[in-house]
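Quick note on labels: first sequence line is chain A, next is B, and so on, each numbered from 1.
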Amino acid sequence: MYLKNKEKLLQYKREKKRFKRKKKLKKRSRINSPKNTFWLKKTVEAKRETYLSPLYKFLRKKEFYSKNPRLLTSNILSVPRILSFEVNNKGTIDFLKLLISKLHPEVLNPSPLELSFQNCERLDLGALMVLNVFIQDFFKYRRRLLHSFKNRIKVREIVFNENMNPQINNLLFTMHFNVKINDEINGRVPIMGFRLIEGNKKLKNYAENSKGKICFAIRKYINLCLNRHGVELNPFGVNKFDNLIGEILNNAEDHSKIDNWYVYGSLMENSNDNDTLRTSELNLVFLNFGDSIYEGFENTRKENFKTFNEMNKLYQSLTHSPKLNKLYRRFSKENLFTLFGLQEGYSRLKFESESRGTGTMSFIRAFIDLGDYCYHSYKPGLFILSGHTLVKCDQKYKPFQRGERYFLSLNDEQDLTKPPSKNHLLNLEEYFPGTVLLTKIYLNKNHFMTKL
Amino acid sequence: MSYIDQDIDLLKFRGNLSTAFTGRPEGEKAREELNLDVLDMDKFQYTFVIPSGTTAFNPSFYLGLLFDSIKNLGINKFEEKYTLKIGGDNMLFKNQIIMDIEEGRRHALNAIGGNTGLSFFIKKIYGKKN
């Protein structure tokens with residue numbers, strides 16, 4: 001009796017397992033059935049749009065994508081020989097537009113996208129940072145889709161061609177691209193950096209104020225860089241950097257059309273320098289997407305009528321004067337408005353509060369105080385790229401004071417009624433949908449022993 | 001106006017893991033929470049206490065917090081009513097923060113005075129033409 005029951009129990013268990021297996025197979029075949037695949041595709045297509053990031057939607061609205069059908073068919077993206085907003089503006093913008101067109105819209109493309117730096121000889125940090133932000137944004141979009149569809153869909157991969165110039169390789173390494181550092185080269189090598197920081201402007205309460213935390217973190221990083229030279233920031237240096245970084249982050253947040261802004265930093269050194277000569281190049285890049293400085297003023301001309309009218313009056317006087325208009329021929333209205341917009345007391349958001357317009361000049365002045373080590377090829381600089389305009393500040397053209405205000409004219413005369421230097425205010429062919437601010441400072445032990 | 005002096009601690013408005021007061025929206029939020037629009041109209045004196053360990057007091061935060069008070073009261077009455085005290089013993093940092101506050105004050109007075117930057121240069125051009 002006992003044996004019979006045991007047999008019956010075993011048979012029951014076997015049948016139960018068999019039933020479970022059949023059920024599993026049935027479910028799998030149902031999932032992969034043509035009918036189910038069809039509906040899966042339909043659902044994915046419908047949901048794709050809802051998972052798109054604010055950044056991509058903003059770029060699409062600004063038509064920052066490639067419209068060249070010939071280029072859109074290839075799955076190999078070759079980075080141009082020079083990726084720099086300053087030196088190869090058109091080539092750089094065209095490349096970034098093409099990249100965006102090959103990422104989010106083709107997320108379900110099973111063929112991987114190959115990114116090749118083989119031909120690239122010069123890679124500026126501002127352009128590299130934008131490239132990195134686009135790729136990171138795409139990865140997040142991809143993760144959302146995969147999570148939502150429980151990995152039942154195939155998404156586009158990005159692969160890197162490893163053949164590239166070692167200097168370029170090392171620059172990519174500083175941006176935490178998937179490459180190995182090449183320390184056998186002569187020239188600049190990366191020493192340390194921090195991962196791309198993404199700030200968010202949704203302020204819930206004071207404790208979550210990300211700007212203060214990020215400011216503190218960046219300053220700690222700068223101190224680490226200085227420790228390499230056996231020094232650290234004194235209270236003057238701490239205060240200056242906190243003000244500089246704080247004001248830049250405030251600006252980035254105020255003028256961002258999406259909730260995010262981005263920060264990145266890296267430290268590079270020349271591998272040939274000995275301990276005495278060693279000079280570190282500290283780069284900080286701040287990025288936000290939104291209206292350009294000029295667009296911001298144009299779009300608020302009614303609300304900001306006093307500010308806009310003053311800028312326009314000065315612009316008209318300079319460019320319509322028979323004597324002066326020849327001198328201003330190389331500058332567009334946007335270029336000059338961008339320069340005027342950097343002056344103290346001017347802000348695209350002046351209509352919100354009449355005390356606005358302090359941040360930009362504050363950070364330029366702080367930068368001038370900190371970035372005064374200049375020797376041979378080590379030339380510090382602060383670059384502002386916005387829309388079609390590039391502004392370059394350095395020790396040569398600094399802010400100057402008239403009465404109770406500081407001004408920046410970018411000329412020897414320190415006069416806004418005279419044309420700025422053509423090497424410091426540049427008109428760019430292509431449009432950038434936001435503002436990139438890059439500071440490049442040189443740290444040298446002997447120099448800042450007395451300063452910082 | 002010689003009434004009871006009350007302290008207003010600004011520590012919580014500095015943010016977690018932060019040593020700097022930064023950001024106009026943060027200053028404006030602090031102003032709202034402290035109800036400064038109401039305090040401006042009362043007869044008491046107040047001292048804002050900048051906590052020790054503070055490394056910077058950005059003009060943007062200063063303006064977000066205090067511009068409306070300076071505008072409503074005028075600078076003299078404002079300075080009689082409100083003072084800023086810096087906590088801690090580090091004189092070097094204190095001196096830097098004093099300069100930050102001075103910077104914020106300068107911006108506030110420029111804005112109230114309607115002193116916009118380009119007017120100087122516009123007058124220069126129109127002066128030459130005449």
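Phe241(A) CZ to Thr55(B) OG1: the interatomic distance, rounded to the nearest 0.5 Å, is 12.5 Å. In this structure, the separation between CG on Asn239(A) and CG on Leu92(B) is 11.0 Å, given to the nearest 0.5 Å. For the atom pair NE2 (His107(B)) and CZ (Arg405(A)), the distance works out to 7.5 Å, reported to the nearest 0.5 Å. For the atom pair NZ (Lys211(A)) and OG (Ser60(B)), the distance works out to 8.0 Å, reported to the nearest 0.5 Å. Leu318(A) contributes atom CG, which lies 10.5 Å from atom CZ of Phe121(B) (distance to the nearest 0.5 angstrom). Considering CZ of Phe216(A) and OG1 of Thr22(B), their distance stands at 14.5 Å, rounded to 0.5 Å.
Looking at Asp100(B), the atoms closer than 4.5 Å to chain A (heavy atoms on both sides) all sit in the side chain, from C-beta outward. For Asp242(A), the parts sitting under 4.5 Å from any heavy atom of chain B are the backbone and the side chain alike.
Summarising the geometry of Gly212(A) relative to Ser18(B), their closest heavy-atom pair is CA-OG, 3.3 Å, with the distance given to 0.1 Å.
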Worksheet entry | Step-by-step side-chain contact (heavy atoms from CB on, under 4.5 Å) determination, Glu103(B) to Asn243(A) | CA-CA 11 Å; Glu103(B) 185 75 357; Asn243(A) 276 317; over 6 Å; no
Worksheet item: Taking it one step at a time, do Met99(B) and Phe236(A) satisfy side-chain contact (heavy atoms from CB on, under 4.5 Å)?
Response: CA-CA 11 Å; Met99(B) 285 167 63; Phe236(A) 168 82; over 6 Å; no
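Here the side chains of Thr19(B) and Cys215(A) are not in contact, with every heavy-atom distance at 4.5 Å or above.
Under a cut-off of 6.0 angstrom, the local environment of CG in Asp89(B) is sparse, with at most 12 non-hydrogen atoms contributed by other residues, nucleotides or ligands. When the shell of 6.0 Å around NZ of Lys94(B) is examined, it contains more than 12 heavy atoms from other residues, nucleotides or ligands. The local environment of CZ in Phe305(A) is sparse, with at most 12 non-hydrogen atoms from other residues, nucleotides or ligands closer than 6.0 Å.
In this structure, the ring pair (Phe, Tyr, Trp, His ring centres under 6.0 Å) partners of Phe61(B), at least two apart in sequence or on a different chain, are Phe21(B), Phe57(B).
The candidate with the highest count of non-hydrogen atom pairs below 4.5 Å against chain A, out of Ile70(B), Asn58(B), Asn90(B), is Asn58(B).
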